[in-house]
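All heavy atoms count here, side chains included; hydrogens, waters and symmetry mates do not. Throughout, a chain's letter reflects where its sequence line sits, starting with A, and its residues are numbered from 1.
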Amino acid sequence: MSARAWVFGDDVDTDAIAPGAWMKFDIDRLSRHCLEALDPGFAGGVRPGDILVAGRNFGCGSSREQAAQALKRLGLAAVVARSFAGLFYRNAINLGLPALECAQAGRIPAGAEIEVDLEAAAVHIAGAESLRCAPIPPFLLELLRAGGLLNQLEQRLAAARERKPA
Amino acid sequence: MPQTLAQKLVARAAGRATVTPGEIVICRVDLAMFHDSSGPRRLKPMLERLGAKLWDPARIVLVTDHYVTGEDAESRAIVGLAREWAKAQNIRNFHDGVGICHIVLAENGYLRPGMFAVGADSHSPTGGAFGVYMFGIGATEMLGVVVTGEIWLRVPETMLIEWDGRFGDAVCAKDVMLYLCGRFGLDGGGYQAVEYAGSAVAALPMQERMTLANMTAELGGQTGLVAPDAVTRAYLAEAGVRESEIEITPWQTDAGAPLAAHHVFDATALAPQVAAPHSPANALPVGEFGDVAIDVAYVGACTGAKLEDLRMAARVLKGRHVARGVTLMVAPASRKDEAVARREGLLATLEDAGARLLPNACGLCAGYGERFAPEAKVISTTARNFRGRMGAASTEVFLASPYTVAASALIGRIADPRAVLQ
Ligand code: SF4
């Protein structure tokens with residue numbers, strides 16, 4: 001996947017990603033306000049396949065998985081950050097949004113064309129360097145390939161039903 | 001091999017004798033908690049798609065607290081859905097509009113030392129105050145738990161934080177956590193287990209320990225633990241837990257257990273803390289804030305409006321009245337705590353001081369309903385002051401203890417409660 005990088009700083013919190021005032025609405029409506037406090041042009045400007053790049057502790061704060069869901073709904077293909085808040089990281093993978101930890105994420109310029117390789121755990125900056133990332137554990141890669149936990153559970157339950165016909 | 005409390009709790013849930021930090025294990029879940037916002041509204045459609053049943057309704061606790069104030073049709077629909085779902089799924093542990101989930105869980109005796117629990121709320125580490133390995137997860141991960149009864153975990157390292165000596169007058173658990181956020185940052189906990197110990201922690205009542213464990217979320221820990229002791233036992237007995245169900249001895253960190261970090265602080269030296277907008281990590285001693293006028297003082301939330309917190313605020317406000325132009329709002333964390341506060345005369349004290357009482361709910365802390373006005377300067381006992389969380393982008397929220405919030409309401413500016421109490 002090759003796409004534009006949207007760059008944010010450290011400690012981007014889930015209240016910024018999924019603002020509370022819009023939490024009572026569905027994800028289409030909520031996602032239109034995603035990160036508006038930090039970049040009012042973000043939600044409207046993201047093109048499918050774009051990648052969000054951030055500093056330390058991305059997604060800190062609330063457990064609301066709508067944060068990961070809103071980013072996915074806007075079409076972001078992945079989030080690359082220097083580090084993630086643990087809860088957000090779990091939510092992202094569970095919702096099928098790839099999250100890649102990259103100690104050198106700060107080297108990615110805003111608007112750069114970048115490519116993310118999940119299997120190789122690398123980010124390639126077009127016309128420049130490649131950055132190594134922390135590898136995603138195999139069982140989480142599998143979860144991502146299934147498209148998230150809901151899909152994986154569905155497949156597992158279906159397989160179990162086949163093994164044991166009612 | 002010596003093990004930390006966190007390791008012992010995880011090992012038990014994983015059905016193992018010991019576990020090593022860093023390894024990935026599958027744990028059996030003893031208790032799963034969720035609320036109106038994170039729970040039924042999100043779980044119901046997913047459960048229907050799967051055609052799956054709940055693994056064990058008796059191990060599920062549902063609390064309505066985020067949308068119960070019901071300002072609009074959407075909020076009322078979310079709570080209505082939770083009620084119908086609880087009935088349809090035969091959830092007997094359903095607590096409807098009687099307080100904030102983490103407090104309701106504790107005061108009803110659901111949390112007992114040795115348990116492994118998850119909550120669909122980021123402040124679920126609150127349960128760690130009882131020697132429970134408890135942490136927050138999102139709704140989809142909760143779906144996995146309520147269908148399978150299991151969850152994966154990377155065995156955490158432990159950061160041991162000791163407070164020795166005694167906290168000074170008008171210094172409390174909230175000051176400790178704001179100080180630690182300032183000192184270590186919002187990711188200082190590294191998504192590991194943080195254990196609080198030392199003589200000053202041992203002297204704290206359960207609700208204060210809950211504040212420590214609760215704000216481990218702000219410190220970026222996965223769970224925040226306090227090893228159980230006689231204080232834990234007494235609280236649980238009061239909450240109706242049978243003596244035979246309270247184990248203390250097995251749930252302690254062994255001497256020589258592996259620690260990722262060990263910090264020892266002098267409790268006596270800690271001053272009341274205030275975190276400036278827009279991060280709990282912007283904490284400084286109250287004395288370092290110059291002349292900061294405030295419009296609103298808010299005593300609310302799981303971390304700042306329990307009975308112990310109400311006692312602190314009332315102690316400062318007794319026989320006094322808030323400054324002209326300051327709005328003081330108090331949202332007791334649970335109906336139970338509110339009832340005791342009423343009996344103790346605390347509510348009368350607060351109301352006489354000019355406080356407006358709000359329902360036993362998340363209220364303004366969540367920012368899901370009523371919100372602070374743009375440009376307002378607020379001092380609040382809540383856990384988070386991220387830009388826009390509780391109000392507009394231009395709303396400025398300072399975080400502090402109930403003592404400091406009450407003192408600031410009295411003076412009309414950020415104020416040191418020690419000066420007021422002298
Ligand atoms: S009171 Fe605030 S911090 Fe506590 S559960 Fe409610 S929204 Fe979360």
Side-chain angles (χ1 to χ4, degrees), chain A residues 10-17 19-27 29 33 36-38 40 55-69 82-96 137-140 143 148-158 161, chain B residues 24 37-38 41-42 46 49-52 66-67 71-75 77-78 119-124 135-144 147-148 151-152 154 185-187 189-192 217-218 220-222 278-279 281 366-369 371 383-384 386-393:
Chain A
D10 293 340
D11 291 327
V12 172
D13 63 83
T14 48
D15 285 284
I17 308 170
W22 307 96
M23 277 286 288
K24 53 180 170 263
F25 300 111
D26 65 19
I27 197 66
R29 191 148 170 209
H33 301 275
E36 67 184 357
L38 300 180
R56 277 167 62 160
N57 204 25
F58 183 80
C60 63
S62 156
S63 68
R64 61 187 75 165
E65 65 179 10
Q66 286 95 328
Q69 197 184 11
R82 244 181 90 186
S83 65
F84 290 93
L87 225 170
F88 177 88
Y89 184 84
R90 291 184 78 118
N91 282 343
I93 308 278
N94 283 325
L95 287 159
F139 79 104
L140 293 183
L143 191 49
L149 184 59
L150 178 57
N151 287 348
Q152 193 182 59
L153 281 170
E154 194 167 40
Q155 290 159 15
R156 284 190 183 162
L157 290 177
R161 275 183 203 120
Chain B
I24 288 172
S37 181
S38 63
R41 69 185 283 215
R42 299 195 60 85
M46 292 195 281
R49 187 173 136 189
L50 293 179
H66 278 61
Y67 283 108
E71 278 91 350
D72 47 45
E74 287 83 9
S75 306
I78 290 167
D121 189 275
S122 62
H123 286 100
S124 299
F135 60 105
I137 58 176
T140 298
E141 189 141 41
M142 184 56 84
L143 172 76
V147 169
T148 67
I151 191 165
W152 71 269
R154 187 190 298 272
L186 298 185
D187 57 357
Y191 205 51
Q192 307 296 320
E218 278 54 60
Q222 187 183 44
H278 297 280
S279 167
Y368 287 2
R371 295 163 66 80
R384 292 185 179 135
F386 297 138
R387 187 188 290 279
R389 173 179 170 90
M390 299 171 72

So, do [X] and [Y] sit near enough that their side-chain heavy atoms are less than 4.5 Å apart?
X	Y	result
Arg154(B)	Pro137(A)	yes
Arg42(B)	Arg64(A)	no
Leu140(A)	Trp152(B)	yes

So which part of [X] gets closer than 4.5 Å to some heavy atom of chain A, the side chain, the backbone, both or neither?
X	value
Leu50(B)	both
Ala217(B)	neither
Arg41(B)	side chain
Gln222(B)	side chain
Arg371(B)	side chain
Ser124(B)	neither

Indicate yes or no for a side-chain donor-acceptor contact from [X] to the backbone of [Y] under 3.5 Å, with no hydrogens or angles considered.
X	Y	value
Glu65(A)	Thr140(B)	yes
Arg384(B)	Gly61(A)	yes
Tyr67(B)	Lys24(A)	yes

Run the salt-bridge test on Asp15(A) and Arg387(B) with the 4.0 Å N-O cut-off and return the result as yes or no.
-> no
Toward chain B, the part of Leu150(A) with a non-hydrogen atom under 4.5 Å |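 Both backbone and side chain of Leu150(A) come within 4.5 Å of chain B.
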Heavy atoms only, distances under 4.5 angstrom: which of Gln69(A), Arg156(A), Gln152(A) has the most pairs with chain B? Name it, please.
-> Gln69(A)
